[in-house]
Amino acid sequence: MDGRYESSENLRNKCAACYRQFNKMEHLVEHMRISYHSNHEPVCGICQKHCRSFESLREHLIGPLPKAECERVFKERGCDLCLTIFSSRYGVQLHREKCQFSRGNNGLIYRMANLGIQDELRIDNTRAKTVSLACKMVGGGTDGSLDLCARVCLTDEYEKIIFQTYVKPHLQVTNYRYETTGIRPEYLRDAMPLRQVQRKIQDYLCNGEPIWQIRTRGGKARILIGHGLDHDLKCLEMEYPEILIRDTAKYPPLMKTSKLSNSLKYLTKAYLGYDIQTGIQEPYEDCVATMRLYIRMRAQAHKVEDYPMASDPQNRNNFASRRQSELERMSPQKMLEISRSDYFCWCLDKK
């Protein structure tokens, strides 16, 4: 009887999301209070375990110590890019043709990107709601380690260039980093001044809204996508509202299990299936990669609640300390139902 009771009690104290078990119900409640499990986490398509990131899910499926049954099924009918499980191997093959991207060439647009000649905003892109930004830096300072923006590119969802130009930095360039940037001194001699570039980009992103009035996602201002945007915006001497920034370097599902950022080069190979940043690096190529990652994350099919964020006023008391005794009487599944995410899931941009 005691053994059966203990087994039942352990099952009762098992997290319905990550399957972690606790000795006491109060410990499970505390775990739920700080874990922010939600419908927006990556989930194993076999055992339904919730993972904090896709890297964690990848380790669960095919890592050094995977769950045996999940590993077996995944190897038979799982996509190693998006980590989705299909009903048959044939289904995986059909899906893989759509899931696997290529570096491509994109014809004239790509050749124009290489030449860096499109330094006027495209009038036909005024309706774009999402924009990808990438910069390439040269070196300043006595040792050439100070990053100075020397090339910038903006693209839309359809991988068309909105704006691209060389940028003339305020400070003297001491290292052109030619091996990776392909930039020579003559390219910057008559380049567009940084202040003019900054003004063009900011005006386009704000789309007629004063930047200090941008408070919601539903206005005219555009969503800005990129990788390491804090650094790019700093080098452009620009500010943009955090509420409209989608950074692949800081998005929790795309981060390492250690909660550090993955490189864009790694993310593109792991989740899109092709290589970038080999040899001379093109900002256009980075724009395309970040936009593709964003679109893939935005396309995730999650159950959406009216108030999906833990920070929403309607959810702030879900795991309040004063509700401790009430929470301890809940089932693990019920606690998962009231738990909310601590980050903005990009699938919510579809609303």
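Each residue takes its place number in the sequence, starting with 1.
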Is there a donor-acceptor pair closer than 3.5 Å between any side-chain N or O of [X] and the backbone N or O of [Y]?
X      : Y      : answer
Arg151 : Lys136 : no
Glu328 : Met25  : no
Asn262 : Leu254 : yes
Asp232 : Ala134 : no
Tyr19  : Cys47  : yes
Arg246 : Leu224 : no
Lys265 : Ile276 : yes
Thr84  : Cys79  : no
Glu55  : Thr257 : no
Asn207 : Arg222 : no

Quick check: is [Y] connected to [X] through a chain of hydrophobic side chains (ILVMFWY, heavy atoms under 4.5 Å apart)?
X      : Y      : value
Ile280 : Ile161 : no
Tyr307 : Trp346 : no
Tyr266 : Met255 : no
Met192 : Leu194 : yes
Leu272 : Leu94  : no

Does the pair Thr130 and Arg298 meet the rule for a side-chain contact (heavy atoms from CB on, under 4.5 Å), with working shown?
CA-CA 12 Å; Thr130 54; Arg298 187 183 63 183; 4.3 Å; yes
Is it the case that atom [atom1] in [X] sees more than 12 heavy atoms from other parts of the structure closer than 6.0 Å?
X      : atom1 : answer
Glu76  : CD    : yes
Asp143 : CG    : yes
Lys234 : NZ    : no

Show, in sequence, the C-alpha distance, side-chain angles and deciding distance for Glu237 and Arg195, and conclude whether the salt bridge (charged side-chain N to carboxylate O under 4.0 Å, His left out) test is met.
CA-CA 8 Å; Glu237 300 180 13; Arg195 193 69 62 202; 3.4 Å; yes
Non-hydrogen side-chain atoms of [X] and [Y] separated by less than 4.5 Å:
X      : Y      : value
Thr268 : His227 : no
Met137 : Cys149 : yes
Phe163 : Val197 : yes

Inter-residue atom distance [X].[atom1] - [Y].[atom2], 0.5 Å rounding:
X      : Y      : atom1 : atom2 : answer
Glu179 : Arg177 : CD    : CZ    : 11.0 Å
Leu146 : Cys235 : CG    : SG    : 7.5 Å
Cys135 : Leu148 : SG    : CG    : 12.0 Å
Asp286 : Leu133 : CG    : CG    : 10.0 Å
Lys250 : Glu242 : NZ    : CD    : 5.0 Å
Lys303 : Glu337 : NZ    : CD    : 6.5 Å

Can you see whether [X] engages [Y] through a side-chain donor-acceptor pair at a distance of less than 3.5 angstrom?
X      : Y      : answer
Gln324 : Arg33  : yes
Arg184 : Tyr178 : yes
Ser132 : Thr290 : yes

Sequence neighbours left out, what passes ring-ring contact (aromatic ring centres under 6.0 Å, His included) with His37? Give chain and number order.
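Testing His37 for ring-ring contact (aromatic ring centres under 6.0 Å, His included), a comparison that skips the adjacent residues, returns His31.
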Who passes ring-ring contact (aromatic ring centres under 6.0 Å, His included) against Tyr36, sequence neighbours left out?
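In terms of ring-ring contact (aromatic ring centres under 6.0 Å, His included), with neighbours along the sequence ignored, Tyr36 is linked to no residue.
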Ionic contact status for Lys129 with Glu157, cut-off 4.0 Å:
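Salt bridge absent between Glu157 and Lys129.
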With a 4.0 Å cut-off on N to O distance, would you call Asp342 and Arg52 a salt bridge?
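Looking at Asp342 and Arg52, the cut-off is met.
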